[in-house]
Structures are given as structure tokens and as C-alpha cells.
> 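Just passing along the structure, written as C-alpha cells.
All values derive from a computational prediction rather than experimental measurement.
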Amino acid sequence: MADEVDHVVSAWGRERADLALGPMHVWSRISRLSAVLDGHRKRAFSEHGIEGWEFDVLAALRRAGAPYQLSPGQLLRETHVTSGTMTNRVDRLVARGAVTRDPDPADGRGVLVSLTDAGLALVDAALATLVEVEESLLDGWPDEEREQLADFLRRLLTATTAGP
């Protein structure tokens with residue numbers, strides 16, 4: 001059963017027989033799957049009136065556990081964005097009433113970003129929809145194959161993000 005990637009790699013093979021194109025079979029599929037997943041996630045989040053970046057920040061706070069607060073530095077590490085980007089995102093979520101910025105009692109110069117009750121309800125509802133959508137994308141895959149796929153992807157991710 002051939003897919004679009006097989007056709008693309010085959011065409012490149014005709015045009016560039018001098019190259020070992022095997023990795024394209026993996027990375028081109030991952031790239032295409034990423035685009036498919038992004039579209040599904042965007043639709044899942046839009047049901048709750050949020051963007052993916054909003055979910056990322058709210059989810060990082062939710063995963064922190066009660067009292068659902070993190071420093072801006074911790075949020076940067078959790079979401080992999082720049083400081084300026086995080087400041088803008090927190091400002092927008094504060095304006096929306098989903099988070100608050102409070103003084104850090106342990107550091108007089110620091111702040112903590114905390115989920116509000118509205119932010120907690122929003123992220124919980126969006127997560128439930130996301131899990132439902134992602135489950136539907138794996139419909140028909142037995143648990144054992146899901147676990148194998150997750151193991152392969154974990155190995156690939158670990159190998160490609162390992163430091164020098």
C-alpha cells in the first residue's frame with residue numbers, strides 16, 4: 001500500500017539516484033503527520049475559543065498541580081518559547097481572565113503566573129476534547145501497536161534532541 005511519500009521518494013530516486021533517500025520515508029511522513037495533527041488540534045481548541053499557544057501555557061500550569069502556578073522561567077522551559085513571547089502570552093491570558101500574575105512570596109522581585117478558576121475550567125475542557133480527537137486518530141490501532149509506535153517515536157525524539 002503506497003502513500004504520497006512513497007511517490008515523492010520514488011520521484012526523487014529517479015532524479016537523484018546518487019542520494020540515499022531512505023530517511024525521507026521517515027521524516028516526510030512525520031512532517032505530514034505533524035501538519036495533520038496541527039489541523040485537528042486547532043479545531044479541537046477552537047471549540048473552546050482558544051489557540052494552541054494558549055492551551056500550551058494553560059496546560060503547563062495545570063500539569064504543575066495545585067496551586068497551578070509557575071514562574072515565568074519555568075513556563076519558558078515548559079513551552080520552549082522566548083522570554084518576550086512568554087511575556088506577551090501571559091499578558092493576553094491575564095486580559096482574558098485565565099491567569100493572574102502575582103508576587104512570588106519566596107522572591108520579592110519575582111512573580112508567579114497562576115491559573116484562575118476560569119483558566120482551570122478552560123484547560124480541562126480543552127484537554128478532554130483534545131484527548132477525544134487524538135483517540136479518534138488512533139482508532140483501530142491495538143494497544144500493543146500504539147505502545148510500539150510510542151516507543152519508536154520516543155527513541156527517535158530522544159536521539160534527535162540529545163545534546164552534544
Side-chain angles (χ1 to χ4, degrees), residues 3-5 26-143 145-163:
D3 66 5
E4 179 184 1
V5 171
V26 174
W27 296 113
S28 293
R29 285 185 176 90
I30 289 172
S31 177
R32 283 166 170 74
L33 284 168
S34 177
V36 168
L37 181 59
D38 284 347
H40 285 285
R41 285 181 162 205
K42 185 175 184 172
R43 284 187 293 280
F45 296 147
S46 71
E47 287 184 28
H48 302 278
I50 63 172
E51 302 273 339
W53 67 264
E54 291 173 297
F55 179 82
D56 289 346
V57 174
L58 298 174
L61 292 165
R62 180 65 166 103
R63 289 190 312 268
Y68 312 115
Q69 58 186 200
L70 293 170
S71 71
Q74 290 169 310
L75 278 171
L76 291 176
R77 286 187 292 281
E78 289 287 323
T79 60
H80 306 281
V81 298
T82 66
S83 177
T85 297
M86 182 55 64
T87 297
N88 182 27
R89 290 179 176 187
V90 171
D91 287 346
R92 291 172 67 182
L93 287 167
V94 166
R96 184 180 179 142
V99 302
T100 59
R101 227 189 232 114
D102 305 302
D104 184 345
D107 177 1
R109 296 172 299 167
V111 298
L112 293 173
V113 179
S114 305
L115 273 179
T116 63
D117 290 341
L120 179 65
L122 180 61
V123 71
D124 280 354
L127 178 64
T129 300
L130 177 62
V131 169
E132 183 180 302
V133 166
E134 290 182 351
E135 173 62 32
S136 74
L137 295 173
L138 292 171
D139 190 40
W141 282 64
D143 288 343
E145 289 182 0
R146 290 179 187 204
E147 290 172 18
Q148 288 174 336
L149 179 58
D151 287 342
F152 286 136
L153 292 171
R154 184 180 300 106
R155 283 177 48 201
L156 188 58
L157 182 61
T158 301
T160 59
T161 58

> What pairs of residues pass the ring pair (Phe, Tyr, Trp, His ring centres under 6.0 Å) test when at least one of them lies in residues 104-130, not counting sequence neighbours?
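Qualifying pairs, neighbours excluded: none.
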
> Check whether S46 reaches the backbone of R43 with its side chain - one donor and one acceptor, N or O, closer than 3.5 Å.
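Yes, because the side chain of S46 sits within donor-acceptor range (under 3.5 Å) of the backbone of R43.
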
> Going by the rule side chain to side chain contact (heavy atoms under 4.5 Å, CB included), which residues pair with N88 if we only count those two or more places apart in sequence or in a different chain?
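With neighbours one apart ignored, the set is R92.
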
> Does the pair V111 and D104 meet the rule for a side chain to side chain contact (heavy atoms under 4.5 Å, CB included), with working shown?
CA-CA 5 Å; V111 298; D104 184 345; 5.7 Å; no

> Report the residues that fulfil side chain to side chain donor-acceptor pair (under 3.5 Å) with E132, sequence neighbours left out, ordered by chain and then residue number.
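With neighbours one apart ignored, the set is empty.
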
> Can you tell me how far CG of L112 sits from CG of D102, rounded to the nearest 0.5 angstrom?
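CG of L112 is found 7.0 Å from CG of D102.
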
> Give, for atom NZ of K42 and atom CD of E47, the distance between the pair rounded to the nearest 0.5 Å.
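So the gap between those two atoms works out to 14.0 Å.
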
> Before giving the answer on side chain to side chain contact (heavy atoms under 4.5 Å, CB included), spell out for L37 and L137 the whole-Å C-alpha distance, their side-chain angles and the decisive distance to 0.1 Å.
CA-CA 9 Å; L37 181 59; L137 295 173; 4.0 Å; yes

> Please name the pair of heavy atoms, one in G97 and one in A118, separated by the smallest distance, quoted to 0.1 Å.
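Closest pair (atom of G97, atom of A118, distance): O-CB, 4.0 Å.
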
> Is there a side-chain contact between V94 and T100 (heavy atoms, below 4.5 Å)?
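No - every pair of side-chain heavy atoms lies 4.5 Å or more apart.
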
> Mind checking the CG-CE spacing from L93 to M86? Nearest 0.5 Å is all I need.
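Between atom CG of L93 and atom CE of M86 there are 9.0 Å.
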
> Within this structure, what is the CG-CZ distance for the pair D124 and R62, rounded to the nearest 0.5 Å?
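That separation rounds to 4.0 Å.
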
> State which residues pass salt bridge (charged side-chain N to carboxylate O under 4.0 Å, His left out) with R154; sequence neighbours excluded, sorted by chain then number.
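Expected list: D151.
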
> Determine the minimum heavy-atom distance between I50 and A126, stating which atoms define it.
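Reported closest heavy-atom pair: CD1-CB, 3.8 Å.
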
> Is there a donor-acceptor contact under 3.5 Å from the side chain of T85 to the main chain of V81?
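A pair under 3.5 Å: no.
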
> List the residues meeting side chain to side chain donor-acceptor pair (under 3.5 Å) with R77, not counting sequence neighbours, and say none if there are none.
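So R77 forms no side chain to side chain donor-acceptor pair (under 3.5 Å) with any residue.
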
> For E147, give me all partners under salt bridge (charged side-chain N to carboxylate O under 4.0 Å, His left out), at least two apart in sequence or on another chain.
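Applying salt bridge (charged side-chain N to carboxylate O under 4.0 Å, His left out) to E147 gives none.
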
> P105 and P103: which non-hydrogen atoms are nearest, and at how many Å?
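In terms of heavy atoms, the two residues are closest at CD-O, 3.3 Å.
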
> At what distance, to the nearest 0.5 angstrom, does CG of L127 lie from CG of L58?
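So the CG of L127 and the CG of L58 are separated by 11.5 Å.
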
> Could you walk me through whether V99 and Q69 satisfy the side chain to side chain contact (heavy atoms under 4.5 Å, CB included) test, starting with their C-alpha distance in whole Å, then the side-chain angles of each, then the deciding distance to 0.1 Å, before giving a yes or no?
CA-CA 9 Å; V99 302; Q69 58 186 200; over 6 Å; no

> So, using salt bridge (charged side-chain N to carboxylate O under 4.0 Å, His left out) as the criterion, who are the partners of D91 when residues are at least two apart?
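Counting only residues at least two positions away or on another chain, D91 forms a salt bridge (charged side-chain N to carboxylate O under 4.0 Å, His left out) with R101.
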
> May I ask you to decide whether R89 forms a salt bridge with D56, counting only side-chain N to carboxylate O separations under 4.0 Å?
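No, no charged N to carboxylate O under 4.0 Å.
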
> For V26, check side chain to side chain contact (heavy atoms under 4.5 Å, CB included) against everything at least two apart and list the hits.
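Side chain to side chain contact (heavy atoms under 4.5 Å, CB included) check on V26 returns I30, L156.
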
> CG of D107: more than 12 outside heavy atoms within 6.0 angstrom?
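Counting neighbours around CG of D107, more than 12 heavy atoms of other residues, nucleotides or ligands fall under 6.0 Å, so yes.
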
> From E134 CD over to H40 NE2, what is the distance, rounded to the nearest 0.5 angstrom?
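So the gap between those two atoms works out to 10.0 Å.
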
> Partners of D38 by side chain to side chain contact (heavy atoms under 4.5 Å, CB included), sequence neighbours excluded?
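Expected list: S34.
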
> Can you pull the ring pair (Phe, Tyr, Trp, His ring centres under 6.0 Å) pairs that have at least one residue in residues 47-75, sequence neighbours excluded?
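Every ring pair (Phe, Tyr, Trp, His ring centres under 6.0 Å) pair that includes a residue of residues 47-75, provided the two are not neighbours, is F45-F55.
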
> Locate the shortest heavy-atom distance separating A60 from L70; write the atom from each residue and the value.
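Smallest interatomic distance, heavy atoms only, reads O-CD1, 3.6 Å.
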
> For the side chain of T79 and the backbone of V57, is there at least one donor-acceptor N/O pair under 3.5 Å apart?
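No; judged by distance alone, with no hydrogens or angles, the pair does not exist.
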
> Is there a side chain to side chain contact (heavy atoms under 4.5 Å, CB included) between L122 and R96 once you walk through the steps?
CA-CA 11 Å; L122 180 61; R96 184 180 179 142; 3.9 Å; yes

> Can you name the residues that form a side chain to side chain donor-acceptor pair (under 3.5 Å) with S71, not counting sequence neighbours?
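For S71 the side chain to side chain donor-acceptor pair (under 3.5 Å) partners, ignoring immediate neighbours, are Q74.
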
> Do side-chain atoms of S136 reach the backbone of V133 as a donor and acceptor pair under 3.5 angstrom?
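Checking the backbone N and O of V133 against the side chain of S136, a donor-acceptor pair under 3.5 Å is found.
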
> Among residues at least two apart in sequence or on other chains, which ones pass side chain to side chain contact (heavy atoms under 4.5 Å, CB included) with L149?
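For L149, the residues satisfying side chain to side chain contact (heavy atoms under 4.5 Å, CB included) (neighbours in sequence not counted) are W141, L153.
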
> Does E51 offer a backbone N or O that forms a donor-acceptor pair with the side chain of E54 under 3.5 Å?
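Checked: pair present.
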
